[in-house]
Amino acid sequence: MDQIKKIEVFAPTLGSGKYRIHGTGDFRTWFPCDVKRPSRDRIFVITQKKGWVRIGFTVEQSNLALLIFEKLGLIID
């Protein structure tokens with residue numbers, strides 16, 4: 001957690017990575033393999049305090065993840 005600067009939350013669209021099953025589309029945001037990403041309701045993107053690569057990911061229970069990230073003060077609108 002001490003390496004995370006912020007976490008942004010996006011609606012799943014073509015531009016936010018809804019169909020990005022694995023890899024990167026902009027050479028800045030990396031998405032680990034997730035074949036269920038197109039069916040998820042939110043996309044999370046982590047910006048690290050050091051480095052320039054961001055990590056995009058989805059979770060099965062996005063409401064629970066969102067509550068946890070908000071409680072930790074990591075969510076940036």
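This structure is a prediction, so every number in the text was calculated from the model and none was measured.
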Revision key, fill the gap. Closest heavy-atom pair, Val59 versus Ala65, reported as atoms and distance to 0.1 Å, is CG2-CB, 3.7 Å
Exercise for review: Please report the closest heavy-atom contact between Ser62 and Asp41, naming both atoms and the distance.
Suggested key: OG-OD1, 2.6 Å
Revision key, fill the gap. Heavy-atom nearest pair, His22 first then Arg37, reads N-NH1, 4.4 Å
Review point. If you draw a 6.0 Å radius around CG in Leu64, do more than 12 non-hydrogen atoms from other residues or ligands fall strictly inside?
Key: yes
Check your understanding: Would Arg54 and Asp26 pass as an ion pair if we require N to O under 4.0 Å?
Key -> yes
Exercise for review: With sequence neighbours excluded, tell me which residues meet side-chain hydrogen bond (donor to acceptor under 3.5 Å, both in side chains) with Arg28.
Suggested key: none
Exercise for review: Any chance you could measure Ser39, atom OG, to Lys18, atom NZ, to the nearest 0.5 Å?
Suggested key: 8.5 Å
Review point. Which atom pair, heavy atoms only, marks the closest approach of Phe31 to Ser16?
Key: CZ-O, 3.6 Å
Review point. In terms of hydrophobic clusters joined by side-chain contacts under 4.5 Å, are Val9 and Ile46 together?
Key: yes
Review point. Are Leu66 and Ile68 co-members of a hydrophobic cluster defined by side-chain heavy atoms under 4.5 Å apart?
Key: yes
**Study point:** CZ (Phe10) with more than 12 external heavy atoms under 6.0 Å
**Key:** yes
Review point. Of the non-hydrogen atoms in Pro32 and Gly56, which two are nearest, and what is the gap between them?
Key: CD-O, 3.1 Å
Practice item. Sequence neighbours left out, what pairs pass ring pair (Phe, Tyr, Trp, His ring centres under 6.0 Å) with at least one residue falling in residues 35-73? Key: Phe44-Phe57, Phe44-Phe69
Exercise for review: With the side chain counted from C-beta on, respond yes when Glu8 and Thr47 share a heavy-atom pair under 4.5 Å apart, and no when they do not.
Suggested key: yes
Review point. Same cluster or not: are Leu67 and Leu72 linked, directly or through other Ile, Leu, Val, Met, Phe, Trp or Tyr residues, by side-chain heavy atoms under 4.5 angstrom apart?
Key: no
Point to revise | Test item: Thr24 side-chain N/O and Trp30 main-chain N/O as donor-acceptor pair under 3.5 Å | key: no
Practice item. Report yes if the side chains of Asp34 and Arg40 come closer than 4.5 Å at any heavy-atom pair, otherwise no. Key: yes
Check your understanding: Between Glu70 (side chain) and Ile75 (backbone), is there a donor-acceptor pair under 3.5 Å?
Key -> no
Study note, to complete from the structure: Residues Gln48 and Val53: closest non-hydrogen pair is NE2-O, 2.8 Å
Check your understanding: For Lys49, does the NZ atom sit with more than 12 other heavy atoms under 6.0 Å from it, leaving out its own atoms?
Key -> yes
